[in-house]
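When a ligand or atom number is given, it counts from 1 through the structure's own listing order.
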Amino acid sequence: MAIQKIGIVGAGLMGSGIAQTAAQAGLDVWLSDAAQEFLDRGLGRIHGAWGMLQTKGRLTEEQVAQNKARLHPTLALEEYADCDIVIEVIIEQKEPKLALFRQMDGILRPDALLVSNTSSLPITEMAAVTGRRDKVAGLHFFNPVPVMKLVEIVRTVETSDATVETLRAFSATLGKTPIIAKDTAGFVVNFLLIPYLLSAIRMYEHGTATMEDIDTAMQLGTSYPMGPFTLADYVGLDTTLYAAEVIYAENPDPAYAPPALLRRMVTLGRLGRKSGQGFYDYRETK
Ligand code: CAA
């Protein structure tokens, strides 16, 4: 099945990034969120990015107008009935995701795919509440979506080969390179990335080096675009903690045990860039 019409539920940072990328790739995109203000914020982000790309000469005024025409904001999920695929990008909590999967299973055509962008929750549990288990998979994008080239396709024991092949082709249409992972906590990237971030926090707790020096070491010593503290702030400390907890629960290796400092930062609401303060302070640059 060639995917032409896509529905995205959740207009946050990831959902709006996927919507932007898909509209730029020439697809018809329906985008929704739980309330108009969240949807407006997502649309503002997308229009801002297109304005930036136009200023840089990467998109013409006509291309921006075409992209906007392909993007359909709505609060009514019934409008998704004719979508070829729906991508769930809502809050990283199990119950709301399961409720949405049940709801969308009732709205969508029987041949439509239903995928989740979750970074840590089991895809299998979402598949289990639908009547289309072979058409459910993970499709995990990376932040910032329009820039990051990877997408993880996550298959459960019941995801069909045809679904995986459709998702491979869809990823290519979006300009992404897919990899295939089994439905295990952390998939590939977070299984490797999370212990790295947690180790950096432990090093700092132990006083091995300052945060700034650990960041500089990894940026200049390994050519990573960001050091671990800058990256953790960028990903979100709540997201980092949650991913660590989920992977640790399935795989109780001390490398995944969240350090006390990370928990305390999250308790204090220091969630990284998005809250204005994480390991670093972003309030002035905001
Ligand atoms: N749409 C299109 N292009 C965009 C864009 C958008 N929304 N946002 C940024 N860009 C483009 C810019 O136009 C710029 O393009 P040019 O260089 O061609 O002009 C380019 O992206 C780089 O942007 P900036 O110059 O603003 O910033 P930068 O060079 O410092 O790069 C960065 C920023 C891409 C974020 C880089 O620092 C980076 O790659 N960091 C690591 C990010 C990372 O590892 N993400 C994965 C996190 S893990 C995750 O997401 C998974 C999970 O489950 C937790």
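- Contact of the Arg70 side chain with the Val29 side chain is not registered, since no non-hydrogen atoms from C-beta on lie closer than 4.5 Å.
- Atoms of ligand 1 found under 4.0 Å from any heavy atom of Ser119 (numbered from 1 in listed order, with element): 53 (O).
- Salt bridge present: Asp238 and Lys274 bring a charged side-chain N and a carboxylate O closer than 4.0 Å.
- The nearest protein atom to atom 37 (O) of ligand 1, hydrogens excluded, is given as Met226 CE, 3.6 Å; this is a heavy-atom distance.
- Every atom of ligand 1 is numbered from 1 in the order shown, and the set under 4.0 Å from a heavy atom of Val235 is 47 (C), 48 (S), 54 (C).
- Relative to atom 18 (O) of ligand 1, the option among Arg58, Lys149, Glu92 with the closest non-hydrogen atom is Arg58.
- Protein heavy atom in closest approach to atom 43 (C) of ligand 1: Met148 CE, 3.5 Å.
- The nearest protein atom to atom 4 (C) of ligand 1, hydrogens excluded, is given as Val147 CG2, 3.4 Å; this is a heavy-atom distance.
- There is a protein heavy atom closer than 4.0 angstrom to atom 13 (O) of ligand 1.
- Heavy-atom separations between Asn190 and ligand 1 include at least one value shorter than 4.0 Å.
- At a cut-off of 3.5 Å, with distance as the only test, no side-chain donor of Gln63 or Trp50 sits close to an acceptor on the other residue.
- Against a heavy-atom cut-off of under 4.0 Å, Leu53 is close to the following atoms of ligand 1: 2 (C), 3 (N).
- What sits closest to atom 36 (C) of ligand 1 on the protein, heavy atoms only, is Pro225 CB, 4.0 Å.
- In this comparison of Gln24, Lys56, Met52, the heavy atom closest to atom 5 (C) of ligand 1 sits on Met52.
- Linking ILVMFWY residues whenever their side-chain heavy atoms come closer than 4.5 Å, directly or via other members, places Met265 and Met211 in the same cluster.
- Within 4.0 Å of atom 53 (O) of ligand 1, at least one protein heavy atom is present.
- A single hydrophobic cluster is seen to contain both Met203 and Ile194, as judged by linkage of ILVMFWY side chains at heavy-atom distances under 4.5 Å, directly or through other members.
- Considering backbone and side-chain atoms alike, His140 places an N or O below 3.5 Å from some N or O of ligand 1.
- Taking all heavy atoms of Asn143, Thr118, Thr55 into account, the minimum distance to atom 50 (O) of ligand 1 is reached by Asn143.
- Every atom of ligand 1 with a heavy atom of Tyr234 under 4.0 Å away is listed here by number and element: 35 (C).
- Residue Ser32 forms a side-chain contact (heavy atoms from CB on, under 4.5 Å) with just one option from Leu75, Ile90, Leu77, and that option is Leu77.
- By the definition of a contact as any protein heavy atom under 4.0 Å away, atom 32 (C) of ligand 1 is not in contact.
- Remark: of the listed residues Gln93, Glu88, Glu92, Glu92 is the sole one forming a side-chain hydrogen bond (donor to acceptor under 3.5 Å, both in side chains) with Thr118.
- Distance from atom 51 (C) of ligand 1 to its nearest protein heavy atom, with residue and atom name: Phe142 CD2, 3.3 Å.
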| query | Going through the checks in order, is the side-chain contact (heavy atoms from CB on, under 4.5 Å) test met by Tyr280 and Glu212? | reply | CA-CA 9 Å; Tyr280 296 109; Glu212 290 82 356; 3.9 Å; yes
| said: Assess the residue pair Leu139 and Ile153 against the criterion (side-chain contact (heavy atoms from CB on, under 4.5 Å)); give the C-alpha distance rounded to whole Å, side-chain angles, the decisive distance to 0.1 Å, and a yes or no. | reply: CA-CA 5 Å; Leu139 196 63; Ile153 297 173; 3.9 Å; yes
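- No more than 12 heavy-atom neighbours from other residues, nucleotides or ligands sit within 6.0 angstrom of OH on Tyr204.
- Under the 4.0 angstrom criterion, atom 46 (C) of ligand 1 counts as having a protein heavy-atom contact.
- Close approach of ligand 1 to Leu231 (heavy-atom distance below 4.0 Å) involves ligand atoms 43 (C), 44 (O).
- Under a 4.0 Å N-O distance rule, the pair Asp161/Arg155 qualifies as a salt bridge.
- If you check the side chains of Thr159 and Thr156, you find a donor sitting under 3.5 Å from an acceptor.
- In this structure, Phe141 falls outside the shell of residues with a heavy atom less than 4.0 angstrom from ligand 1.
- Proximity of Thr240 to ligand 1 is not established, as no heavy-atom distance is less than 4.0 Å.
- Those atoms of ligand 1 with a heavy atom of Ala49 less than 4.0 angstrom away are 7 (N).
- Protein heavy atoms are absent from the space less than 4.0 angstrom from atom 28 (P) of ligand 1.
- Side chain of Glu152 to main chain of Val189: a donor-acceptor pair is present (N/O by atom type, distance under 3.5 Å, no hydrogens or angles).
- The pair Arg202-Glu205 does not count as a salt bridge, with every side-chain nitrogen at least 4.0 angstrom from each carboxylate oxygen.
- The residue from Met14, Gln20, Gln219 that puts a heavy atom closest to atom 1 (N) of ligand 1 is Gln20.
- By the definition of a contact as any protein heavy atom under 4.0 Å away, atom 16 (P) of ligand 1 is in contact.
- Panel note: side chain Arg132, backbone Arg109; a donor-acceptor pair is recorded below 3.5 Å.
- The protein does not reach atom 24 (P) of ligand 1 closely, with no heavy atom under 4.0 angstrom from it.
- When Ile87, Ile46, Thr74 are each tested for a side-chain contact (heavy atoms from CB on, under 4.5 Å) with Leu31, only one passes: Ile46.
- Only the side chain of Leu193 comes within 4.0 Å of ligand 1, counting heavy atoms alone; its backbone N, CA, C and O stay farther away.
- There is a protein heavy atom less than 4.0 angstrom from atom 39 (O) of ligand 1.
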